[in-house]
Visitor: 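Sharing a structure here in C-alpha cells format.
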Amino acid sequence: MALRVHLLACAFGLGSWVAVNGLWVELPLIVNALPEGWELPSYLTVIIQLANLGPLLVTLMHKLRPGRLNERAVIYSILSIGIASCILLVFFWDKTTVVAGASHSTAFFIITFFLSLVDCTSSVTFLPFMMQLPAKYFTTFFIGEGLSGFIPGVIALAQGVGMAKCVNSSHTSGNHSDEVVWSSQTQYLPPNFSTEVFFSFLAAMMCISLAAFVGLNRLPRTYELSTENLVPDTVGSVSSGLDNPAVETDGKKSEQEGEEKSKPLLAEPQYSISKLGFMYLLVFWINALTNGLLPSVQTYSCMPYGNLAYHLSAALASVANPVACTIAMFFQNRSLMFLCVLTVLGSGFGGYNMAMAALSPCPLLRGSALGEAIIVLSWLLFTGTLSYVKVMVGVILRDRSHSALVWCGAAAQMGSLVGSVTMFPLVNVYQLFKSGDFCNTRHFEENHEDQRVVSPQQLFSILTLQTES
C-alpha cells in the first residue's frame, strides 16, 4: 500500500510544472518556426507572470470565503485544462494571425497563458491537498515535481532539435551582368521527432498526473487535515518556487506557537532584521535574474553559437534546476557568507550570458567549439548555483517563521515581475538586442571577401593602384 501511494504521489507531482518546463526546453525548435523569432522568450516571461492571476484568485477565495473553495474540484479543473491545452498545442502551435499589420503567434500565446495558469495555480492547490497525507509522502511528491523539469529536458536532448547545417546558394547580381553571388544560408535538419510529438508527450504526462490524483482520492482517508489553514501559509512560499522548504508546514498551529516565533527553532541561529532583509534582497535578485532578465535574452545569448548550443543550454539548464534542489536536500550549508559567494558567482555567469546577448549576433568566440562549450556551461552553472541558493534561503526562512516564508514569496514574485517587465520593452520596443542568421554572419566573418561582386575592370583598377603604391 505504501509503495502504491509513493508512486501515485510522484506521478501527481509530475503535473505541477511540466507544461511550462516543456515549453522552455522546446524553444530552440519553436523560435525557428514562429514569426517572433528570437523575441519569443521575452513574450513568454510576461505571459507566465500574468498567469499568477490563478494563485491570486485562489488565495482571495481562502481569505474572503474560508472553507467554501472545493480544492479537489479546482485540481480536477486545472489538470483537465492542462491536458486540453497540450492537445491544442499539437494542432495550433504554429498557427499565426495578423495583428496590427504583422504576423503573430496568437494561438501559441493564448494556449501558453492557460498552461502557465495551470502550473502557477498548481503551486497553491497541490500542496494543501498533499497535506492530507502523511509527511513521508511529501518528499516523493517533490521528487515528482523535480521530474517535471528533468524529464522534458531529457526528452528534448533525445529529440535533437539543435541540428543545423550551412548550405551554399547562388544567384545573379541582377545588374544585367553575369556575375554570380554566393551566399550561405542556415538549413535546419528535422529532429528525431517533431514538435507535435513532443507536445503529445506533455499531454500524456498531464494525463498521468490526473490519473494519479484520481487514485489518491480513492485511498482510505486515515489522515485528514484542514486545508483552510494551510493555504495562507503556503501561498507565498509555493508561488516563489521555494516549495520544498514549505513542505513541513503544520496546518494545526496553536496560539502558543505565536509566542515562540522570536525563539530559535531547532537550535538555529537567530537572524537580525538586517540579515533577514539581506535574504529577501537575495531572493528578489535571484528571481529577477532566473525568471525575468536572463530567460528573455537566452536566444540572443545562445543562438549566435548555433542552434545546438541553444538546445543544450535550455535542456541542461532545465535538468540542472531539480538536480541543484536535490543536492540542497542532502548537503545543506546555511552560511550567509557562503550563499552570498554563490550568488555573486551565479550572477557572474549571468553577466557573461547577458554580455554575449548584448554582443549578438557576433559574440566572443563565435564559430568555435570553445565558445559553444563556454556558453552552455555558463547557463548550466548560472541555473544550478542560483537554484541552490533559492532553496537554502527558503530552508532558513522556514525555520524562522511561516510569515517569513510569505515575505520570501512576495520578494520572489516581485523580482520575477520586475525582471520580465524590464526586459520586455528592451527586447521588443527598443530592440537593444540584435538577431542574425548563424550561417550568414559566420560566412561574412570568415569569407567576407568572397561576398563582394567585383567586375574584371574593377579588379584591374584595384591591382593597378596596389602596384603603384
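Residue numbers run from 1 in the order of the sequence given. Every value quoted in this text rests on a predicted model; they were computed, and no experiment measured them.
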Visitor: Test side-chain hydrogen bond (donor to acceptor under 3.5 Å, both in side chains) on Asn428 and Ser42 and set out the steps.
Guide: CA-CA 8 Å; Asn428 299 280; Ser42 64; 2.9 Å; yes
Visitor: Which pair of heavy atoms, one from Gly346 and one from Thr385, lies closest together, and at what distance?
Guide: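 For Gly346 versus Thr385, the nearest heavy atoms are CA-OG1, 3.3 Å.
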Visitor: Could I get the full list of side-chain contact (heavy atoms from CB on, under 4.5 Å) partners for Ile81, not counting sequence neighbours?
Guide: Ser85, Phe114, Val118
Visitor: Determine whether a donor-acceptor pair (N or O, by modelled atom type, separation under 3.5 Å) exists between the side chain of Ser378 and the backbone of Ile375.
Guide: no
Visitor: Who are the ring-ring contact (aromatic ring centres under 6.0 Å, His included) partners of Phe12, not counting sequence neighbours?
Guide: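 Per chain and number, Phe12 pairs via ring-ring contact (aromatic ring centres under 6.0 Å, His included) with Phe126, Phe129, Phe141, Phe213.
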Visitor: So which pairs with a foot in residues 413-435 pass ring-ring contact (aromatic ring centres under 6.0 Å, His included), sequence neighbours left out?
Guide: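 The answer is Tyr43-Phe424, Tyr300-Phe433.
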Visitor: What heavy-atom pair brings Trp24 and Pro295 nearest, and what distance separates the two atoms?
Guide: CH2-CB, 3.9 Å
Visitor: Could you pull out the closest heavy-atom pair between Gly350 and Leu294, with the gap in Å?
Guide: O-CD1, 3.5 Å
Visitor: Are any side-chain N or O atoms of Thr96 and backbone N or O atoms of Ser105, one a donor and one an acceptor, separated by less than 3.5 Å?
Guide: no
Visitor: Considering only heavy atoms from C-beta outward, does the side chain of Leu27 approach that of Thr299 to under 4.5 Å?
Guide: no
Visitor: Are the side chains of Asp94 and Phe108 in touch, meaning some heavy atoms are under 4.5 Å apart?
Guide: no
Visitor: Can you name the closest pair of heavy atoms from Pro152 and Phe198 and give their distance?
Guide: O-CE1, 4.0 Å
Visitor: Taking only residues two or more places apart in sequence, or in another chain, which ones meet Thr140 in a side-chain hydrogen bond (donor to acceptor under 3.5 Å, both in side chains)?
Guide: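 Only His6 meet the side-chain hydrogen bond (donor to acceptor under 3.5 Å, both in side chains) criterion with Thr140.
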Visitor: For the backbone of Phe193 and the side chain of Gln159, can you confirm whether one donor and one acceptor N or O come within less than 3.5 Å of each other?
Guide: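 It does hold such a pair.
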Visitor: Among all residues two or more places apart in sequence or in another chain, which pass the side-chain contact (heavy atoms from CB on, under 4.5 Å) test with Trp285?
Guide: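 Trp285: side-chain contact (heavy atoms from CB on, under 4.5 Å) contacts with Leu289, Thr343, Ser347.
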Visitor: Under a plain distance cut-off of 3.5 Å, with no hydrogens placed, do Ser313 and Gln298 share a side-chain donor-acceptor pair?
Guide: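 Absent: no donor and acceptor within the cut-off.
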Visitor: Contact between Met392 and Asn333 at the side-chain level, heavy atoms closer than 4.5 Å - yes or no?
Guide: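 Met392 vs Asn333: side chains apart.
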Visitor: Any heavy-atom pair between the side chains of Cys86 and Met206 that's under 4.5 Å?
Guide: yes
Visitor: Please find the pair of heavy atoms, one from Leu417 and one from Gln49, that lie closest to each other, and give the distance.
Guide: N-OE1, 3.7 Å
Visitor: Any heavy-atom pair between the side chains of Val20 and Thr112 that's under 4.5 Å?
Guide: no
Visitor: Under 3.5 Å, is there a donor-acceptor pair between the side chain of Ser122 and the main chain of Ser16?
Guide: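 Yes: the side chain of Ser122 pairs with the backbone of Ser16.
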Visitor: Would you please name every residue forming a side-chain contact (heavy atoms from CB on, under 4.5 Å) with Ser200, sequence neighbours left out?
Guide: Val90
Visitor: Can you pull out every ring-ring contact (aromatic ring centres under 6.0 Å, His included) where at least one residue sits in residues 368-388? Sequence neighbours excluded, please.
Guide: Trp379-Phe382
Visitor: Holding to side-chain hydrogen bond (donor to acceptor under 3.5 Å, both in side chains), I want the full list of residues that pass it with Ser368, two or more places apart in sequence or in another chain.
Guide: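 Here no residue qualifies.
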Visitor: What residues, two or more places apart in sequence or in another chain, satisfy side-chain hydrogen bond (donor to acceptor under 3.5 Å, both in side chains) together with Ser416?
Guide: Asn291
Visitor: For residues Lys390 and Thr290, determine if any side-chain heavy atom of one lies less than 4.5 Å from a side-chain heavy atom of the other.
Guide: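 SC-SC contact between Lys390 and Thr290 confirmed.
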Visitor: Judged by atom type as modelled, is there a donor-acceptor pair below 3.5 Å linking the side chain of Arg334 to the main-chain atoms of Ile396?
Guide: no
Visitor: Just jot down the side-chain contact (heavy atoms from CB on, under 4.5 Å) partners of Ser194, sequence neighbours excluded, or say none.
Guide: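 For Ser194 the side-chain contact (heavy atoms from CB on, under 4.5 Å) partners, ignoring immediate neighbours, are Glu196, Val197.
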Visitor: Between His311 and Leu157, is there a side-chain heavy-atom distance shorter than 4.5 Å?
Guide: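 Touching, per the 4.5 Å side-chain cut-off.
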Visitor: Can Ser387 and Asn321 be said to form a side-chain hydrogen bond (donor to acceptor under 3.5 Å, both in side chains), step by step?
Guide: CA-CA 6 Å; Ser387 295; Asn321 190 5; 3.0 Å; yes
Visitor: Applying ring-ring contact (aromatic ring centres under 6.0 Å, His included), which residue pairs with at least one partner in residues 338-363 are found, sequence neighbours left out?
Guide: none
Visitor: Quick one: does any side-chain atom of Lys136 pair with a main-chain N or O of Leu133 as donor and acceptor, under 3.5 Å?
Guide: no
Visitor: In chain order, what residues pass the ring-ring contact (aromatic ring centres under 6.0 Å, His included) check against Phe92, with sequence neighbours excluded?
Guide: none
Visitor: Determine yes or no for a side-chain-to-main-chain donor-acceptor pair under 3.5 angstrom, with Ser301 supplying the side chain and Val297 the backbone.
Guide: no
Visitor: Indicate yes or no: at least one non-hydrogen side-chain atom of Phe109 is less than 4.5 angstrom from one of Leu40.
Guide: yes
